[in-house]
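What follows is one structure encoded as C-alpha cells, with my remarks underneath.
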Amino acid sequence: MTEDEFTDINGKAISLQCQSHSNFCREFTVSAPKLSLRRIMVYTCSVWLVAYVVFFFTQNTAVLSSAIFITLVGMMLHIHFVKIDHETLLIVGSLGVQVSSSYASGRESTTFIEMSKIKDIVINEAIYMQRVIYSLCILLKDPSDPGAVSTVVPLFQSSKPRLNCLVKVYRSCQEILAQC
C-alpha cells in the first residue's frame, strides 16, 4: 500500500492511497482533509453575531433561537449530505468497478459498474471559467451500439484531484483493462 500527497484543483492537500490486492485488483482512495474547526467557528460566530445584532434592535428572542436552530441544522445537513471524507475506486479486472463515497457523518454511497458495460476509462478535460479541469471518467457502452458511448461516469467528483494524481490512477486502471 502506497500513499502519496497531492493537491486538488483549489490547491488544498489531498492524499491518494493505492492498494494492489492482486494483478487484477487495485483500490484507490482519495482522502480530503477533515472538517476545519476554524471554519466551523467562524461560520457559527458570524451567524450568531448577526442574530444578536438583530435581537439588539428588535428585542425578539425568537431571532436568537432560530439562529441557533438554523446553524445546528445547517451543520448536520452539511456533514451528512455534502462533506465527503474519502472517495474510493476499486477495479477488479474480471468483474468491474466499484465507486464509493464516505461522508463525514459515516454514511456511505456505493455504485458498481460491470466490466461488460465499460468501454474505457479516460481522463476528460473540461473548461470551467478560465481554467481547464481534468477528471477521470468511465465510458459506458451503448447497449444498442457497442462501438458508441452511452454515458460518461465521472470519478472523484468531490475531491477533484489535479492531473498528476489522475494520471497515476489512470495508468494503473489501463494496466488492468489491458489484461482483461
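For reference, positions follow the sequence shown, starting with 1. Basis for what follows: all heavy atoms, side chains included, without hydrogens, waters or symmetry-related copies.
The main-chain N or O of Lys141 is found under 3.5 Å from a side-chain atom of Ser150 such that the two form a donor-acceptor pair. Of the possible polar contacts, none joining the Gln98 side chain to the Val92 backbone as a donor-acceptor pair under 3.5 Å is found. Proximity of a side-chain donor or acceptor of Gln179 to a complementary backbone N or O of Phe24 within less than 3.5 Å is not detected. Side chain of Asn60 to backbone of Ala62: a donor-acceptor contact under 3.5 angstrom is found.
Contact check for Leu89 versus Cys173: side-chain heavy atoms found under the 4.5 Å cut-off. At a threshold of 4.5 Å between non-hydrogen side-chain atoms, the residues Leu166 and Phe156 count as touching.
Within 6.0 Å of atom CD in Glu125, 12 or fewer heavy atoms from other residues, nucleotides or ligands are found, so the atom counts as exposed in its surroundings. Other residues, nucleotides and ligands contribute over 12 non-hydrogen atoms within 6.0 Å of the NZ atom of Lys83.
Criterion: ILVMFWY side-chain heavy atoms under 4.5 Å apart, direct or through other members. Under it, Ile14 and Val169 are part of a common hydrophobic cluster. Linking Ile, Leu, Val, Met, Phe, Trp and Tyr residues whenever their side-chain heavy atoms come within less than 4.5 Å leaves Val82 and Tyr43 in two separate clusters.
Listed by chain and residue number, nothing satisfies the salt bridge (Lys or Arg N to Asp or Glu O under 4.0 Å) test with Asp8 (two or more places apart in sequence, or in another chain). With sequence neighbours excluded, no residue forms a side-chain contact (heavy atoms from CB on, under 4.5 Å) with Ala13.
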(request) Decide yes or no on side-chain contact (heavy atoms from CB on, under 4.5 Å) for Ile79 and Tyr103, but give the supporting numbers first. (result) CA-CA 7 Å; Ile79 288 172; Tyr103 292 82; over 6 Å; no

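The salt bridge (Lys or Arg N to Asp or Glu O under 4.0 Å) pairs that include a residue from residues 163-180 are Asp4-Lys168, Arg26-Glu175, where partners are two or more places apart or lie in different chains.
In this structure, Leu90 and Cys25 approach most closely via the heavy-atom pair CD1-SG, 3.8 Å.
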